[in-house]
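Position 1 is the first residue of the sequence; numbering continues from there. Everything numeric in this text was worked out from a predicted model, so none of it was measured. One-based numbering, in listed order, for ligands and for the atoms of each.
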Amino acid sequence: MTQITLQTNKLANFINGEWVEVNEATAVVNPATGETVVQVPLSGSTDVDEAVAAAKKAQKEWALVPAPQRAEVLYQVGYLLKERKERMAQLLTQENGKVIEEARGEVQEGIDMAFYMAGEGRRLFGQTTPAELKDKFAMSQRCPVGVVGIITPWNFPIAIATWKSFPAIVAGNAVVWKPATETPIMAYELAKIFEEAGLPKGVLNVVYGRGSTVGDAMVQHEGIRVISFTGSGDTGRNIASECGKQLKKVSLEMGGKNAIIVMDDADIDLAVEGILWSAFGTSGQRCTACSRVIVHEKVKTSLEERLLAAMEKLSIGNGLDESIKVGPIINQAGMDKINSYMEIGKNEGAKLLAGGYEYTEDVDQGGNYFAPTLFTDVTADMRIAQEEIFGPVVSLIPVKSFEEAIDVNNGVEYGLSSSIYTSDVNRVFKAQRDLDTGIVYVNAGTSGAEIHLPFGGTKGTGNGHRDSGVQALDVFTEWKAIYVDYSGKLQRAQIDVE
Ligand code: NAP
């Protein structure tokens with residue numbers, strides 16, 4: 001196993017283009033081994049104040065740089081990310097645990113996002129439209145909002161940051177970013193890349209620290225005009241209510257309880273592959289992870305048999321080993337949460353077909369591993385079928401019809417991703433219409449979003465905004481309507497219309 005290491009033992013904040021040391025720090029622990037990878041600063045609210053002041057100053061100048069020139073920095077960031085893809089992926093696996101193949105994929109998302117958003121530097125389209133009065137011109141354009149605050153989770157430490165910071169920066173904003181304390185290394189690497197790419201000082205600032213201190217200080221800060229948050233529902237709701245009091249724009253991307261529907265006319269082997277990838281990839285710690293399989297009763301037994309056989313072949317261990325398919329769980333709290341759902345599921349009457357225990361065979365004893373787990377005969381109202389577990393746990397819910405499958409899919413508080421396996425074209429079109437989620441897959445699992453489409457969900461998953469895609473620009477821009485009257489006289493809209 002090759003292992004790339006960091007050149008520093010302790011990270012530093014990146015404020016106004018300077019690397020700023022902070023005394024207080026905590027260890028970043030590799031979830032595969034229990035070893036410390038690096039120390040991460042625990043900053044305070046004064047560090048946030050400094051970052052916001054730097055961002056505010058830098059943003060005024062940055063907004064005046066023509067967008068195609070702002071985009072040149074992003075192209076450079078894209079090239080540097082490409083050059084360092086393997087290094088970044090290896091570090092990502094060490095801080096987060098996801099298997100190396102997935103880590104490479106996550107860095108690739110950042111590369112794709114850099115080039116896609118750099119292209120926006122020559123678009124950022126507004127509209128021109130006829131005015132209702134003679135000799136009058138009307139148009140709308142996107143304007144930067146100012147200083148934006150970005151708060152990101154540990155499960156996608158680089159991809160989510162690029163979904164948020166790249167559109168913000170190309171649109172002429174300055175950014176203050178608080179990465180998750182569990183996974184700060186990608187922020188350090190990305191800040192270094194921005195520095196090398198020639199981003200002016202203060203346009204991107206990274207402040208490490210706890211959500212309850214640094215995150216909260218950002219939410220409360222009057223100099224920050226937008227908060228873009230991805231994380232858990234409870235944290236998101238609190239942030240939204242604080243932002244509401246200040247009339248601060250807030251974009252929330254939160255949890256999921258995603259399902260794959262397997263109909264009686266589905267290609268079962270294909271469905272098994274999709275379930276394996278969606279449920280056990282990233283050890284189920286994805287917001288789009290499949291944690292429910294809604295299966296037509298006619299194919300339930302055959303799906304169970306084939307899924308169990310495929311699960312037995314999954315290799316569990318340190319994600320730096322190329323042969324491993326299921327890596328560790330991020331921390332002990334994650335393990336405790338998953339374990340608690342084993343008891344909940346059994347007490348509710350679900351039948352445990354596989355897994356259900358902490359995995360300790362042939363793995364580093366300092367790591368946190370959980371065996372891929374399958375419950376069956378689950379009913380739609382059970383807690384294991386309703387609540388986000390965030391681990392390698394799937395519940396099979398048998399149904400009698402297509403209509404019931406759609407109802408079960410939609411009968412949860414979240415609405416992020418859904419999928420249907422069927423060979424009936426009529427069902428395909430009905431499903432894509434009726435599945436109440438922000439993302440729908442047909443004959444593919446619940447994970448696999450591409451960066452040029454909007455990412456996000458309905459209901460308890462968010463508050464109507466989207467990350468990535470051109471839609472991300474809506475979070476980081478204000479629309480301005482502009483009227484130019486060249487008649488040389490007073491013309492009153494709605495009144496002086498002939
Ligand atoms: P979390 O506990 O809510 O943390 C997310 C971020 O918010 C971290 O940076 C955290 O900081 C910070 N934070 C915590 N308390 C805060 C506060 N009071 N004020 C401001 N910031 C605060 O969520 P998580 O457990 O890391 O992430 C897992 C969740 O994210 C899951 O529910 C998953 O479904 C969701 N997720 C959603 C998407 C999506 O796009 N829909 C994508 C990925 C993940 P510290 O941890 O450093 O203290």
Distances under 3.5 Å, N/O of ligand 1 against N/O of the protein: list each pair and its distance.
unit_1   : atom_1 : unit_2 : atom_2 : d
ligand 1 : 3 (O)  : S232   : N      : 2.9
ligand 1 : 3 (O)  : S232   : OG     : 2.7
ligand 1 : 3 (O)  : T235   : OG1    : 2.9
ligand 1 : 9 (O)  : T152   : O      : 2.7
ligand 1 : 9 (O)  : K178   : NZ     : 3.2
ligand 1 : 11 (O) : K178   : NZ     : 3.0
ligand 1 : 11 (O) : G211   : N      : 3.4
ligand 1 : 19 (N) : G211   : O      : 3.3
ligand 1 : 23 (O) : S232   : N      : 3.2
ligand 1 : 25 (O) : W154   : NE1    : 3.4
ligand 1 : 26 (O) : W154   : NE1    : 3.1
ligand 1 : 30 (O) : G231   : O      : 3.2
ligand 1 : 32 (O) : E388   : OE1    : 2.7
ligand 1 : 34 (O) : E388   : OE2    : 2.6
ligand 1 : 41 (N) : M254   : N      : 3.4
ligand 1 : 41 (N) : M254   : O      : 2.7
ligand 1 : 47 (O) : K178   : NZ     : 2.8
ligand 1 : 47 (O) : T181   : N      : 2.8
ligand 1 : 47 (O) : T181   : OG1    : 2.6
ligand 1 : 48 (O) : G211   : N      : 2.8

Can a side-chain donor-acceptor contact be found between [Y] and [X] if the only test is distance below 3.5 angstrom?
{"X": "E222", "Y": "Q246", "answer": "no"}
{"X": "T33", "Y": "D364", "answer": "no"}
{"X": "T379", "Y": "D381", "answer": "yes"}

- Message: Minimum heavy-atom separation for A71 and A118, please, with both atom names.
- Response: CB-O, 3.1 Å
Between side-chain atoms of residues 185-193 and protein atoms elsewhere (two or more places apart, or another chain), which donor-acceptor pairs fall under 3.5 Å?
unit_1 : atom_1 : unit_2 : atom_2 : d
E189   : OE1    : R87    : NE     : 3.0
E189   : OE2    : R87    : NH2    : 3.0

- Message: Please report whether the ring centroid of F115 lies less than 6.0 Å from that of F166.
- Response: no
